[in-house]
Amino acid sequence: MCGIVAYVGYRKAQPILIEGLKRLEYRGYDSAGVAMLRDSKLVIRKSPGRISALEAILDDETAAGTCGLSHTRWATHGAPNQVNAHPHTDSTGRIALVHNGIIENYVSLKTYLQQKGIEFRSDTDTEVLVQLISHHYQGNLEEAVRRALQDVRGTYGIAVLCTEEPDKIVAARKGSPLIVGIGDGEYIVASDAAAVIQHTTQVIHLSDGEMVTIWSDGFRTTTLDNVPITKEVSEIEFSLEEIELGGHEHFMSKEIFEQPDALQNCLRGRLDLTEGRVVLGGLANVSRELSHVRRIIITACGTAWHAGLVGEYLFEDLARIPTEVEYASEFRYRNPIMEEGTIQIVISQSGETADTLAAAREAREKGARVLGVVNAVGSTIARETDAGVYLHVGPEIGVASTKAYIGQVTVLTLMALYFGRRRHLSQAETSDYMRELSAIPEKIRRITAQSDAIKEVADLFKGRENWLYLGRGYNYPTALEGALKLKEISYIHAEGMPAAEMKHGPIALITEGMPVVFIATRNSQYEKVISNIEEVRARGGQVIAVATEGDHELKRYSEHVFYVPDAPEPLQPLVNIIPLQLLAYHAAVLRGCNVDKPRNLAKSVTVE
Ligand code: AGP
């Protein structure tokens, strides 16, 4: 998704703007640009491609200003070229704007403005917005922005400046996140905290329908109706080094190997082993009513949806609560039934995924309690749910989710124990599970130590263009997640499914030498999985198995085996996915793919 960085203060803006964009690269983009205000003159530079292409066209003119905007664009309307790149300016050249989101009624607005004689240069919805602001401009930038946004339908996070009001930036949000970094004599508006953390840890989070004006000597927050509001200043949770590579070749590698620490952070303070109690402070305000939940609907997208599928098994197994998992994009449009006693759990690493946010709003519209399982503190979804549990796994920079997935599954396990203890789980049973949970980080370490051996297998199969991933029970969501990891970073077609489902069609795909990954750890359906493995081998498939340490039987049926430490069945998803993350990572690197920024993908899909 697009990245926004805007600065006003006493320092030269250019290095702050460019460095900020680099910290937002992981959001995915295909063009970049800056607008600098200098002596009431506007200087624009923008380019398709990477930020390095933009840096190549910066000069003394852009280097001088202390007030500016910058943007990385992920194309939604109009090709990723120089004309469509942001910032966009109005016809008079007085006003520049950067935008993240979609103006849904831009065609009608464009027609209206063209009838007023306005000429457009780009194919973007964003240019319509800056021309509309200019159309309303009568010497007060905030007022012009307010009036323009009242005509707009859609989503936006914008930052705007004007040559007639130097050293001032106006920003507003509806649906696309914006924060304000509070410095000493300087202020930074940005899409997320990664772009400001180098300068300040004090931030405010704008909510939908809010505006902020920043100057070098202060800031003012209001609603779109110009009602002053006081926003809470919060502390950025993570440190700068957490968003650096830390000696790894890629963020994805760093995040795979830091999963044991991330999981420990996620568990910290939440396991009261003596009382056999799970402590989830974020649910305290709804704790009493959660004892009477009769049904759970989990909604999410992508990897978060796979975590939700594990959650379905966990809530039904450990808490005996009927649970279903819905794609957020489907749930939001199907007029869902949310009867008394039904709650929704939304899962989102970024806390900004448009479909997941809309699904949460739909459930609340139906009067249901909505709980969030979110990583990004202060994100929109986190702030719009009734209660929730943060992952606390630190910022996830790699587009392919790894440690956030482990965090999501861990939080869902904690929630299932939390609900289960309020129903039928005894103190002893709950304590046993918590002790087993505490042992998972070390088990993950033992698996990541096998990275080189897994790389060898990846090297053998990196050229195969079709893979299957199969598992049963708790291992079925792991099969789906393993397949997604491979396809989204190596561009190999991979399909996950329940192992038994293969016979109902997909078995026709099995050809000589086709890699088929089985998650075949010791569990209640182990024998059945062995039968499925034999069905694949009989047709020439090459089996790569995830097996429980000590299970040498499986070597008889598999060309390659990745061993994982044993764990209780409900906790196996936390360990069984690790070799599949590494398999996908190595296959992608060996295929020369851009692991952290895969083609066409964005870290947070804030458009529908
Ligand atoms: C996972 O590897 C993908 N990057 C993608 O499926 C992601 O999980 C999905 O877009 C949901 O994102 P969220 O968790 O930030 O809502």
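All ligand and atom numbering here is 1-based and tracks the order in the structure. This is a predicted model, so every value here is computed, not measured.
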For this session: Give a yes or no on whether a salt bridge exists between E384 and R364, defined as a side-chain N under 4.0 angstrom from a carboxylate O.
Result: no
For [atom], closest protein heavy-atom neighbour:
atom                    : value
atom 5 (C) of ligand 1  : T303 N, 4.2 Å
atom 13 (P) of ligand 1 : T353 OG1, 3.3 Å
atom 4 (N) of ligand 1  : V399 O, 2.7 Å
atom 10 (O) of ligand 1 : V605 CG2, 4.1 Å
atom 15 (O) of ligand 1 : S350 OG, 2.7 Å

Exercise. Is ligand 1 less than 4.0 angstrom away from at least one heavy atom of K485?
Worked result: yes
Numbering as shown, the atoms of ligand 1 that approach [X] to under 4.0 Å (heavy-atom distance):
X    : answer
A400 : 2 (O)
Q349 : 13 (P), 14 (O), 15 (O), 16 (O)
C301 : 8 (O), 9 (C), 11 (C)
E488 : 1 (C), 2 (O), 3 (C), 4 (N)
G302 : 6 (O)
S401 : 1 (C), 2 (O)

May I ask you to check whether [X] and [Y] show a side-chain donor-acceptor distance below 3.5 Å?
X    : Y    : result
T303 : K485 : yes
T402 : Q259 : no
T201 : E235 : yes
Q581 : E481 : no
T380 : E352 : yes
N84  : S31  : no

Exercise. Does the ring center of F257 lie less than 6.0 Å from the ring center of H248?
Worked result: yes
Exercise. Is the H392 ring parallel, tilted or perpendicular to the Y390 ring (thresholds 30°, 60°)?
Worked result: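 H392 vs Y390 ring planes: tilted.
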For this session: Consider every N or O of S348 and every N or O of ligand 1, then say whether any pair is closer than 3.5 Å.
Result: yes
For this session: Using a 4.0 Å heavy-atom cut-off, say whether E352 meets ligand 1 through its side chain, its backbone, both or neither.
Result: neither
